Amino acid sequence: MTVSPAMEPTATADRQIPAREALRRRYLMCRPEHFAVTYSINPWMDPAAGADAARAVEQWETLRSAYLALGHEVELIDPIAGLPDMVFAANGALVVGGRVYGARFTHAERAAEGPAYSFWLRANGFPDVLEPVHTNEGEGDFLTLDHMILAGTGFRTDLAAHQEAQEYLGRPVVTLRLVDPRFYHLDTALFPLDGGNVAYYPGAFSSGSRAVLERLFPDAIIADERDAAVLGLNAVSDGRNVVVNSEATGLIKLLDEHGYRPVPVDLSELRKAGGGPKCCTLELRTA
């Protein structure tokens, strides 16, 4: 189901930009009522600097409103006191074809989030939940396209989890190795533009993984380090509209040039914990 009319093809000096079609999505989010930076489990987190929880809630509400304005469905899971990173719903699971591959977090500080998300999903129409044997952090390291799932490893998700997810979900899983600790999850360095193409920052990946991406996605949008460093690639696309961190001005320009409609949002407070639009957004796929 489309949520906005596709852009007309646009002629440029060297290419024809195809029309982009927006597809209605169903998302799960968690209001950051208990958001704080009280520990450090990635390079973005500085407990001495802390975070402004009220401002984080305000920014999160803007993100949620953007999704609703685009015609998407947003469901909410209740936040749990003592889990300040539960706002990052993408890490809570991977949902494909109505089946749930649950999360098993690397760090003890977030361990309780996996069961909390699995419980909500079972209670809300997703009874087929696999509690994983191997460490993985949901859509933080698993990004779904039409014919494959891209899977990150190197910092959080075990390589064995890629095979576990493939066997359970019945979808081909392509492994990509992350090498820059700033981009500790795949969703900080790459996002699907639609079902068949991506945008990414090459410097986040090993040389072999860069070669795989070049082969699979010859028409990918390539972001530079400046936009990657403000988590510009932690973005959410519905095929036409791309909700993206407002500071990623170069990427926003590239998206516009390629026929996408950027929807800039400010999530600078949540970035203090290493999160952006995608981190806050778990897609609930029934197909």
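We're numbering straight along the sequence, starting at 1. Note that the structure is predicted; figures quoted are calculated from it, not measured. FYI, side chains are in, hydrogens and waters are out, and symmetry mates aren't considered; it's all heavy atoms of this structure.
Judged purely by atom type and a 3.5 angstrom limit, D227 has no side-chain atom pairing as donor or acceptor with the backbone of V230. Of the possible polar contacts, none joining the D141 side chain to the A151 backbone as a donor-acceptor pair under 3.5 Å is found. Distance alone, capped at 3.5 Å, is enough to place a donor-acceptor pair between the N197 side chain and the D219 backbone. With Y201 contributing its side chain and A229 its backbone, the two residues share no donor-acceptor pair below 3.5 Å. Judged by distance alone, with hydrogens and angles left aside, the side-chain atoms of N245 form a donor-acceptor pair with the main-chain N or O of L231 at under 3.5 Å. For N234 (side chain) and G276 (main-chain N/O), a donor-acceptor pair under 3.5 Å exists by modelled atom type. A distance-only check finds a donor-acceptor pair linking the side chain of T106 to the backbone of R156 [under 3.5 Å]. For D256 (side chain) and P262 (main-chain N/O), no donor-acceptor pair under 3.5 Å exists by modelled atom type. In this structure, E247 contributes its side chain and G232 its backbone to no donor-acceptor pair below 3.5 Å.
Proximity of E164 to D158: side-chain heavy atoms (C-beta onward) are nowhere separated by under 4.5 Å. No side-chain heavy atom of L255 sits less than 4.5 Å from a side-chain heavy atom of K253. Proximity of R171 to D146: side-chain heavy atoms (C-beta onward) are nowhere separated by under 4.5 Å. Using a 4.5 Å cut-off on side-chain heavy atoms (C-beta onward), P79 and V87 make no contact. Side-chain contact check for M29 versus R64: some heavy-atom pair is nearer than 4.5 Å. Taking 4.5 Å as the limit, every side-chain heavy atom of L150 sits out of range of all side-chain heavy atoms of Y200. Looking at V243 and L70, their side chains come closer than 4.5 Å, going by heavy atoms from C-beta outward. In this structure, the side chains of L216 and V174 come closer than 4.5 Å at one or more pairs of heavy atoms.
Ion pairing of R104 with E137 is absent here, as no side-chain N (NZ or NE/NH1/NH2) approaches a carboxylate O to less than 4.0 Å. Ionic pairing of R55 and D266 is present here: one or more N-O contacts between side-chain nitrogen and carboxylate oxygen are shorter than 4.0 angstrom. Taking a cutoff of 4.0 Å between a charged side-chain nitrogen and a carboxylate oxygen, R182 and D180 qualify as a salt bridge. The existence of a salt bridge linking R210 and E214 is excluded, since no basic side-chain nitrogen approaches an acidic carboxylate oxygen closer than 4.0 Å.
Across every non-hydrogen atom of A204 and F183, the tightest pair is CB-CD1, 3.8 Å. Nearest heavy atoms, T135 versus A161: O-CB, 3.5 Å. Between I222 and L254 the shortest heavy-atom distance is O-CD1, 3.5 Å. Here the shortest heavy-atom pairing between I252 and S246 reads CD1-O, 3.8 Å. In terms of heavy-atom proximity, A223 sits nearest to L233 at CB-CD1, 3.8 Å. Nearest approach of A66 to V265, heavy atoms of both residues: CB-CG1, 4.5 Å.
Other residues, nucleotides and ligands contribute at most 12 non-hydrogen atoms within 6.0 Å of the CZ atom of F119. Within a 6.0 Å sphere centred on CD of E131, heavy atoms belonging to other residues, nucleotides or ligands number more than 12. Within 6.0 Å of CG on D78 lie no more than 12 heavy atoms contributed by other residues, nucleotides or ligands. Atom CZ of R26 has more than 12 heavy atoms from other residues, nucleotides or ligands within 6.0 Å.
Under the 6.0 Å cut-off for aromatic ring centres, F155 and H185 do not qualify, their centroids lying 6.0 Å or more apart.
Residues satisfying the ring pair (Phe, Tyr, Trp, His ring centres under 6.0 Å) test with F142, not counting sequence neighbours, are Y101, H162. With sequence neighbours left out, the side chain to side chain contact (heavy atoms under 4.5 Å, CB included) criterion links R177 to T153, V179, S206, S209. In this view, Y117 satisfies the ring pair (Phe, Tyr, Trp, His ring centres under 6.0 Å) rule with no residue, not counting sequence neighbours.
Here the OG-CG distance, from S268 to D52, works out to 10.0 Å after rounding to the nearest 0.5 Å. Rounded to the nearest 0.5 Å, atoms CG (N91) and CG (L282) are 9.5 Å apart. Here L284 contributes atom CG and L121 contributes atom CG; the two are 6.5 Å apart, rounded to the nearest 0.5 Å. Rounding to the nearest 0.5 Å places CD1 of I149 at 8.5 Å from CD of Q166. A distance of 5.0 Å separates CZ in R261 from CG in N241, rounded to the nearest 0.5 Å. Between atom CH2 of residue W60 and atom SG of residue C280 there is a gap of 8.5 Å, rounded to the nearest 0.5 Å.
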**Request:** Walk me through it: do K278 and E139 pass the test salt bridge (charged side-chain N to carboxylate O under 4.0 Å, His left out)?
**Result:** CA-CA 9 Å; K278 176 55 192 170; E139 282 195 327; 2.5 Å; yes
**Request:** Kindly indicate, with the supporting measurements, whether the criterion side chain to side chain contact (heavy atoms under 4.5 Å, CB included) is fulfilled by K272 and W44.
**Result:** CA-CA 6 Å; K272 293 178 180 179; W44 302 87; over 6 Å; no
**Request:** Apply the test side chain to side chain contact (heavy atoms under 4.5 Å, CB included) to residues T281 and F88: give CA-CA distance (whole Å), side-chain angles for both, the deciding distance (0.1 Å), then the verdict.
**Result:** CA-CA 7 Å; T281 311; F88 301 128; over 6 Å; no
**Message:** Under the criterion side chain to side chain contact (heavy atoms under 4.5 Å, CB included), I'd like the reasoning laid out for V236 against V242: C-alpha separation, chi angles, the key distance, then a yes or no.
**Reply:** CA-CA 6 Å; V236 178; V242 181; over 6 Å; no
**Message:** Checking E113 against R110 for the salt bridge (charged side-chain N to carboxylate O under 4.0 Å, His left out) test, could you report, in this order, the C-alpha distance in whole Å, the side-chain angles of both residues, the deciding distance, and whether it holds?
**Reply:** CA-CA 6 Å; E113 294 179 41; R110 300 194 66 186; 2.8 Å; yes
**Message:** Show, in sequence, the C-alpha distance, side-chain angles and deciding distance for R285 and L94, and conclude whether the side chain to side chain contact (heavy atoms under 4.5 Å, CB included) test is met.
**Reply:** CA-CA 9 Å; R285 300 178 187 83; L94 170 65; 4.3 Å; yes
**Item:** Full working for salt bridge (charged side-chain N to carboxylate O under 4.0 Å, His left out) between E73 and R25
**Value:** CA-CA 6 Å; E73 181 181 355; R25 310 292 176 132; over 6 Å; no
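In summary, the side chains of D238 and Y260 do not present any donor paired with an acceptor at a separation below 3.5 Å, with no hydrogens or angles considered.
Both L270 and L76 are assigned to one and the same hydrophobic cluster, defined by single-linkage of ILVMFWY side chains at heavy-atom distances under 4.5 Å. A single hydrophobic cluster is not seen to contain both M45 and Y184; linkage of ILVMFWY side chains at heavy-atom distances under 4.5 Å, directly or through other members, places them apart. Cluster annotation: L186 is not connected to L169 through the hydrophobic network of ILVMFWY side chains, with a link wherever side-chain heavy atoms come within less than 4.5 Å. Residue L267 is grouped with residue L68 when hydrophobic side chains (ILVMFWY) are merged at heavy-atom distances under 4.5 angstrom, including chains of intermediate members. In the hydrophobic clustering of ILVMFWY residues, with side-chain heavy atoms under 4.5 Å counting as a link, L130 and V96 come out together.
Using cut-offs of 30° and 60° on the angle between ring planes, the pair Y67 and Y27 is tilted.
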